[in-house]
Amino acid sequence: MGFLKRAYLWIVTSFLIFLPQITLAADVAKKKLSKKAPIIWVADTRNATGFWGWTTSMYNENIYLYGLLTIILMAIWGVILGAIMDFIMMRSGIELTKRELRE
Amino acid sequence: MKRFLHISTLAFILAFAFILFIPEDALAIVLPVSGVDFSISVLLILGFGVGVMGGFYGLGGAWLITPGLNIFGFPMAFAIGTDMAHIAGKSIVSTFRHARFGNVDWGLGIAMLVGTMAGIEIAARFVMYLERIGFVGGVVRWTYVGILAIISATVFYDVLKKRRLEKRGEIKKAEAAIKWAATLQRIHIPPMFTFKQAGIRCSLWLPVIVGFITGIAAGFLGIGGGLLRMPALIYLFEVLISGAYGAFTYTAKGRCELLAAVIMLMGAAVGAQIGTVATKYVRGYFIRVVFGVGTTCALISIILKQLKMATPAGILIIMAIICITSLILILMLRGAFKEVREKKAAERAAGGG
């Protein structure tokens, strides 16, 4: 218990130590903000070929379409990998439809 | 059956050894969007480790991915965005398996979605603001340190408290020492709702507010939200949708490395299935201690990164992932082989009888 109390004390103290830094950072940030414009990233299409070249170009040309592509691609990839792994696990001989829940 | 399990295990060990011991240059790629030079083996290990832990503990394990990617060179906003994209895919794999076990409560998940999506959007905009003013790395890293410190302390406190109570005989073995969920469920603000699969009755506002708070955490730290919703696995599909929304919003802001997410998902897909199946065989409070050790290692490596010591930070986080996943994997395989052996013996006995 004593150890845990000390651990919590350490955490709180650490936050208090860094609090002035964060406050100062916020002040500096406030001053800087008026001068800072949003950071624009441009993908390097020179080395990307094939499918990845196409997606990288899409990133530069239409970011929302790239966002949509990301969701669709991740979903399809997740389903494919999930189905493959499910197929493998079902053939492992392990009972996978029920499980005893206990600590 | 047993032969299939043997072959699968051997193939997996060989693949794991190949990833671990192949020269780093052989698997290095330049990621086209962020322009970061990265190792495929690190991406696969991160993905696999997070898959195992996500499937096993019921939380995304993304608390390792965002710091891990950042430690190995990803800009922080990209680490969060890529992690969100990878979560969206991995949740599909885990939901497959958990739905088979009957752990998915669709009602509870839908209730949480509203709050989660709002929370993610607010957090993503805040991350972009921090990036603009040049503070995103430090702020996110220190937030991680704070959250992981609290989680580690809570896990160890929970374990120690339960042990002490057990020694005194004041608590049953199956009873958890900290009962957050029960306390929150006692809040009675109408409309009250019963979630059958989860087996709870609570105010509808509770999942919405929990969703909002965890959505902010998810969007800010790049976690699926499971980290803060660990006590139950029943709303996994909600993590799926919130992950998809988080991925979209970060990608639309230009902060997602699709190729890295695709590679990580390959490791995560294998890991998520193994981790989820491992919950069947691996039990006991010691596994919570392992989780606590994992979060502590992640915490230390984030501090090391913040102190510009990227190499020890990278070694520590990778070693923590490998050790924890290997432990879960060994225990899972032991249980699986035992079950298959018993099944075969039962079949032989039935055939002989």
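This is a predicted model, so every value here is computed, not measured. Lettering of chains follows the sequences in order, A, B, ..., and the numbering in each one begins at 1.
- With T249(B) contributing its side chain and Y245(B) its backbone, the two residues share no donor-acceptor pair below 3.5 Å.
- Ranked by non-hydrogen atom pairs under 4.5 Å with chain A, the options A261(B), G35(B), S152(B) are led by A261(B).
- In this structure, M128(B) places its CE atom where more than 12 heavy-atom neighbours from other residues, nucleotides or ligands lie under 6.0 Å away.
- Residues T56(A) and T45(A) bring no donor and acceptor atom of their side chains to less than 3.5 Å of each other.
- Contacts between F78(B) and chain A at a heavy-atom distance below 4.5 Å involve the side chain alone, from C-beta outward.
- With a 4.5 angstrom heavy-atom cutoff, L73(A) touches chain B only via side-chain atoms.
- Donor-acceptor pairing under 3.5 Å is lacking for the side chains of E257(B) and T82(B).
- Using a 4.5 Å cut-off between heavy atoms, Y66(A) contacts chain B through both its backbone and its side chain.
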